[in-house]
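Here's the structure we're looking at; comments come further down.
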Number of protein chains: 2
Amino acid sequence: MTVPAASGAPHGGAADEPTPEAVQLIELLFFAYRDFTGDADAILAEYGYGRAHHRVLHFITRYPGLRVADLLLILNITKQSLARVLRQLVEGGLVVQSAGDTDRRERRLHVTPAGRALMRRLVNAQARRIRRATGLSGSGADAAIRRFLTAMIEPETREMVSTLLDLPKLSKDLNGELQP
Amino acid sequence: MTVPAASGAPHGGAADEPTPEAVQLIELLFFAYRDFTGDADAILAEYGYGRAHHRVLHFITRYPGLRVADLLLILNITKQSLARVLRQLVEGGLVVQSAGDTDRRERRLHVTPAGRALMRRLVNAQARRIRRATGLSGSGADAAIRRFLTAMIEPETREMVSTLLDLPKLSKDLNGELQP
DNA sequence: CAAATATGTCAATATGACTGACGTAAATTC
DNA sequence: GAATTTACGTCAGTCATATTGACATATTTG
């Protein structure tokens with residue numbers, strides 16, 4: 001008797017059974033995401049930064065004036081984890097903090113020109129790969145891929161992400177709009 | 001006047017400019033992959049294992065008889081990194097090693113029934129999310145998504161991955177077929 | 001003023017990755 | 001048959017990222 005294949009499933013079992021297509025997508029996701037982040041990793045390494053710095057820089061760039069609490073919710077990490085990364089970005093002159101206008105306990109976060117410079121390199125590299133990939137996927141694929149990735153996100157998180165994606169212009173005054 | 005950007009182009013410039021769609025996909029990829037791996041992470045935590053164990057277990061399950069060298073190439077990590085994870089899986093009774101038939105220096109890797117049991121839980125959770133996502137993306141989306149993810153993979157790696165995906169049945173005798 | 005909130009920080013720990021060096025057994029080559 | 005190469009393992013040290021728990025400080029709010 002041969003070793004049961006792929007998922008170990010004897011095939012034809014529960015309705016819950018993973019389809020071979022789904023299993024293939026699991027592997028593709030692994031390799032695709034690894035190479036996708038690899039683009040950025042190579043650039044970040046020049047600066048002595050890592051993926052964590054990238055994520056923080058990304059969201060501060062995209063949503064200027066973000067508060068620390070917002071970042072914690074978006075990234076879903078602890079403040080201790082964020083602290084070191086954020087401190088290094090500030091010390092490196094890529095990010096500046098300033099007390100909130102109405103609430104001076106808050107640290108509103110903004111990227112500096114140097115931070116924008118790095119972000120541009122990073123987004124260029126990653127967007128190039130994405131454009132190439134969507135280009136190769138045929139027209140109209142873009143919408144399907146966006147729907148797929150959105151559906152992959154945890155429903156609760158999905159709402160927050162939709163808010164983020166749909167309101168990029170409001171960045172200058174997203175005072176607490178992020179999570180009511 | 002806005003701050004001049006990193007690699008030069010202040011918008012409307014180079015053809016290299018990242019499109020807003022690409023930038024959105026960057027964020028969606030981040031959240032989608034995070035929640036996708038979160039499914040598995042929760043299960044693995046029960047066993048005291050991590051993502052690294054998952055990846056190793058996954059590929060041994062999918063390609064029984066895999067050699068250590070194959071795993072290193074697939075995962076693109078060092079043997080020292082693999083060592084601890086693999087040892088823990090063997091000690092935990094999820095994976096067994098046996099000397100190769102023709103070359104007794106090789107350690108052919110196989111999952112035990114216990115390993116299959118864990119893998120089944122993991123693949124069920126992740127495939128469920130994927131099926132739900134592809135389901136929500138409309139019919140025919142599956143192929144578009146597969147093309148997109150494949151195109152996201154580094155061309156060199158892509159060949160290896162295609163080989164892996166296309167030859168799942170040959171798993172029992174992939175003697176060195178993995179990388180000629 | 002007291003309590004809640006936003007943020008920061010000290011300390012200890014875990015995971016997963018790395019480099020570099022060295023060891024052993026088995027196969028291959030001369 | 002000896003020498004080299006290959007497959008794998010292991011010891012030692014380091015780094016990046018994350019965790020939990022406890023405590024500090026400033027500021028806003030009731």
Side-chain angles (χ1 to χ4, degrees), chain A residues 30 33-34 37-38 40-42 44-57 60 65-92 95-109 175-176 178-179, chain B residues 30 34 37-38 40-42 44-58 60 65-92 95-109 175-176 178-179:
Chain A
F30 166 67
Y33 194 76
R34 190 186 62 176
T37 54
D41 290 343
L44 291 159
E46 294 175 26
Y47 295 73
Y49 293 128
R51 244 176 245 188
H53 303 87
H54 183 187
R55 291 196 286 266
V56 170
L57 200 54
I60 297 177
L66 212 63
R67 294 168 303 178
V68 170
D70 297 324
L71 259 179
L72 294 180
L73 271 157
I74 292 172
L75 299 175
N76 209 21
I77 57 174
T78 61
K79 62 178 171 179
Q80 293 92 330
S81 299
L82 177 59
R84 183 182 52 91
V85 171
L86 192 52
R87 177 169 38 79
Q88 288 170 336
L89 287 174
V90 171
E91 284 171 358
V95 168
V96 286
Q97 298 169 309
S98 57
D101 266 6
T102 59
D103 188 335
R104 294 193 14 241
R105 289 171 304 180
E106 297 172 350
R107 307 293 166 95
R108 311 302 288 222
L109 303 168
N175 299 316
L178 283 177
Q179 11 64 37
Chain B
F30 166 68
R34 190 188 63 177
T37 53
D41 289 343
L44 290 159
E46 295 175 25
Y47 296 73
Y49 292 128
R51 246 176 241 188
H53 302 86
H54 184 188
R55 292 197 284 266
V56 170
L57 200 54
H58 173 93
I60 297 177
L66 211 62
R67 295 167 303 176
V68 171
D70 297 324
L71 257 180
L72 293 181
L73 270 157
I74 291 173
L75 298 175
N76 208 21
I77 57 176
T78 60
K79 62 178 172 180
Q80 294 92 330
S81 297
L82 177 60
R84 184 179 50 92
V85 171
L86 190 53
R87 178 168 37 78
Q88 288 169 337
L89 287 174
V90 170
E91 284 171 358
V95 168
V96 286
Q97 298 170 309
S98 56
D101 266 5
T102 60
D103 188 336
R104 293 193 14 243
R105 290 172 306 179
E106 298 171 350
R107 307 292 166 94
R108 311 302 288 222
L109 303 169
N175 298 318
L178 283 177
Q179 13 62 38

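Please read these numbers as outputs of a predicted model, since none were measured by experiment. Letters A, B, ... are given to chains in the order of the sequence lines, protein chains preceding strands, and every chain is numbered from 1.
- Rounded to 10°, the angle separating the first-five-pair axis and the last-five-pair axis of the helix from C:dC1-D:dG30 to C:dC30-D:dG1 equals 20°.
- Among the nucleotides D:dA18, D:dT10, C:dT7, the one closest to any side-chain atom of B:Ala83 is D:dT10.
- When each of C:dG8, D:dT20, C:dA27 is scored by its nearest atom to the side-chain atoms of A:Gln97, the top-ranked nucleotide is C:dG8.
- For C:dA17, the OP1/OP2 oxygens have no side-chain nitrogen or oxygen of B:Thr78 closer than 4.0 Å.
- A distance of 5.0 Å separates CG of A:Leu66 from CD1 of A:Ile74, quoted to the nearest 0.5 Å.
- In this structure, of C:dG8, D:dT20, C:dA26, it is D:dT20 that holds the atom nearest to the side chain of A:Gln80.
- Counting non-hydrogen atoms under 4.0 angstrom, B:Arg51 reaches the backbone sugars and phosphates but no base.
- When the side-chain nitrogen and oxygen atoms of B:Ser81 are compared with OP1 and OP2 of C:dC18, one or more of them lie within a distance under 4.0 Å.
- Classified by interplanar angle (parallel below 30°, tilted 30° to 60°, perpendicular above 60°), the ring pair B:Tyr49/B:Tyr47 is parallel.
- Within the 4.0 angstrom heavy-atom criterion, only backbone atoms of the sugar-phosphate kind lie near A:Asn76; the bases stay farther away.
- In terms of phosphate contacts, A:His53 brings no side-chain nitrogen or oxygen within less than 4.0 Å of OP1 or OP2 of D:dA16.
- When distances run from any side-chain atom of B:Val68 to the nucleotides D:dC8, C:dT7, D:dT20, the shortest one goes to D:dC8.
- For A:Ala69, taking side-chain heavy atoms from C-beta onward, the closest of the listed nucleotides C:dA27, C:dC10, C:dT7 is C:dT7.
- Taking every side-chain heavy atom of B:Arg55 into account, C:dG16 is the closest of C:dC18, C:dT7, C:dG16.
- When the nucleotides C:dG16, D:dT28, C:dA6 are ranked by their closest atom to the side chain of B:Ala52, C:dG16 comes out on top.
- Set against D:dA7, C:dA6, C:dT9, the side chain of A:Arg105 has C:dA6 as its closest nucleotide.
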